[in-house]
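Down below is the structure, laid out as structure tokens.
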2 protein chains.
Amino acid sequence: MKKSLPETVTLDEFDIRILRILRDEARIAVQDLSERIGLSPTPVARRIRNLEASGIITGYAAMIDEAALGYSVTVFVSVKLDRQVDQALADFENAIRDCPEVVDCWLMTGNRDYLLRVVTDGLAGFEEFLTGRLTRLPAVSSIESSIPLRRVKAGISRQP
Amino acid sequence: MKKSLPETVTLDEFDIRILRILRDEARIAVQDLSERIGLSPTPVARRIRNLEASGIITGYAAMIDEAALGYSVTVFVSVKLDRQVDQALADFENAIRDCPEVVDCWLMTGNRDYLLRVVTDGLAGFEEFLTGRLTRLPAVSSIESSIPLRRVKAGISRQP
DNA sequence: TGTGAAAGCGTTGCCTC
DNA sequence: GAGGCAACGCTTTCACA
């Protein structure tokens, strides 16, 4: 039932604990990590390498305070395309992947519209993105923006 | 000792390049990083420590493939509260922070509703979260769920 | 910011269970 | 099969220029 995944890796308690710690402190030393979970460094390093090789750990990211960098505006944008053929979707997605302003993008069910999280250095920058880039993409028919007041919980991935 | 507000830190080209690299490869060795940006390891380590201390780097996260862990379902949930006094918001937010299913949560402008990204190990798990936890929170008046087909772009933060 | 020495850490081969 | 130990080599750190 639960083996539809490409990787049928089985994770034991140690793997789960490693993931749990690495999820929050990705730059921790293997040695410190091994002390915390009660194993010696050797198997911990092996387990981390296996988790990386099997695709369970897909990478490590520094979490950067966007506001401190001057990116103070986050907007959620809902985009609808007027043509929903595969080519239009693919073209739109390729264009989105080239936009640094778009941090996150999901294709939604239903009317096959997209949900984007857009980050800019101000409302002027957002307007520029909207009028200068987004509305100029072919097949874009309607755009709806929602502005958040604040982020209540900031997660990267679900905790095991 | 120039410890000022996080917003007023000035970043030079080296800092930006360090952030850009750490953003994608947070576990890179300082030595490798220093070779890539053309500085010796010592100042690079110092810069990283300063970036952490000034709050520009808020942490490091391992990116974990949720599907490989069995968390195959992502749902965006829009929640509206019937009372919008501060206490109701605070209570709701505290409850949300305790839900491992809720990966990300934003308070939106307008009708002051919340946008949640919920991750579970299946639709049954989602239903359990919905009926067992979310609808039981006080002040929750309406809930709307949207299911994504796929993630087009998966970002952590805006690239500098 | 860079250099060099010292301390700390990760990696590997081998052994044990 | 997986964990642990020890030694080697690389990385980080600190004093000082």
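In what follows, chains carry the letters A, B, and so on, assigned in the order in which the sequence lines appear, proteins first and then strands, with residues in each chain numbered from 1. Just so you know, these numbers use all the heavy atoms, side chains as well, and skip hydrogens, waters and symmetry mates.
Here the P atom of nucleotide C/dA7 and the CD atom of A/Q31 are 16 Å apart, to the nearest Å. Atom CD of B/E35 and atom C1' of D/dT12 are 14 Å apart (whole Å). Atoms CG (B/L33) and P (C/dT1) sit 13 Å apart, rounded to a whole Å. Going from atom CD1 of A/I48 over to atom P of C/dT12 covers 14 Å, rounded to whole Å. In this structure, B/D32 places its CG atom 12 Å from P of D/dC10, rounding to the nearest Å.
Ion pair B/D121/A/R158 not flagged as a salt bridge, since none of the NZ, NE, NH1 or NH2 atoms sits closer than 4.0 Å to an Asp/Glu carboxylate oxygen.
Under 3.5 Å, the side chains of B/E52 and B/Y60 contain a donor-acceptor pair of N or O atoms.
Candidate nucleotides D/dT11, C/dG10, D/dC14 were compared by shortest atom distance to the side chain of B/R49, and D/dC14 ranks first.
When all heavy atoms of B/G55 and A/D65 are compared, the pair lying nearest together is O-CB, 3.3 Å. Closest non-hydrogen pair, B/I28 versus A/R27, comes out as O-NH1, 3.0 Å.
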Between A/L107 and A/D113, is a side-chain contact (heavy atoms from CB on, under 4.5 Å) present by the stated rule, with each step listed?
-> CA-CA 6 Å; A/L107 173 61; A/D113 49 352; over 6 Å; no

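In this structure, B/W106 and A/F76 have perpendicular ring planes: the angle between them is above 60°, well past the 30° mark.
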Take nucleotides 1-7 of chain D nucleotide by nucleotide from the 5' end and write B, S or -, depending on whether a protein heavy atom sits under 4.0 Å from the base, only from the sugar-phosphate, or from neither.
-> --BBBB-

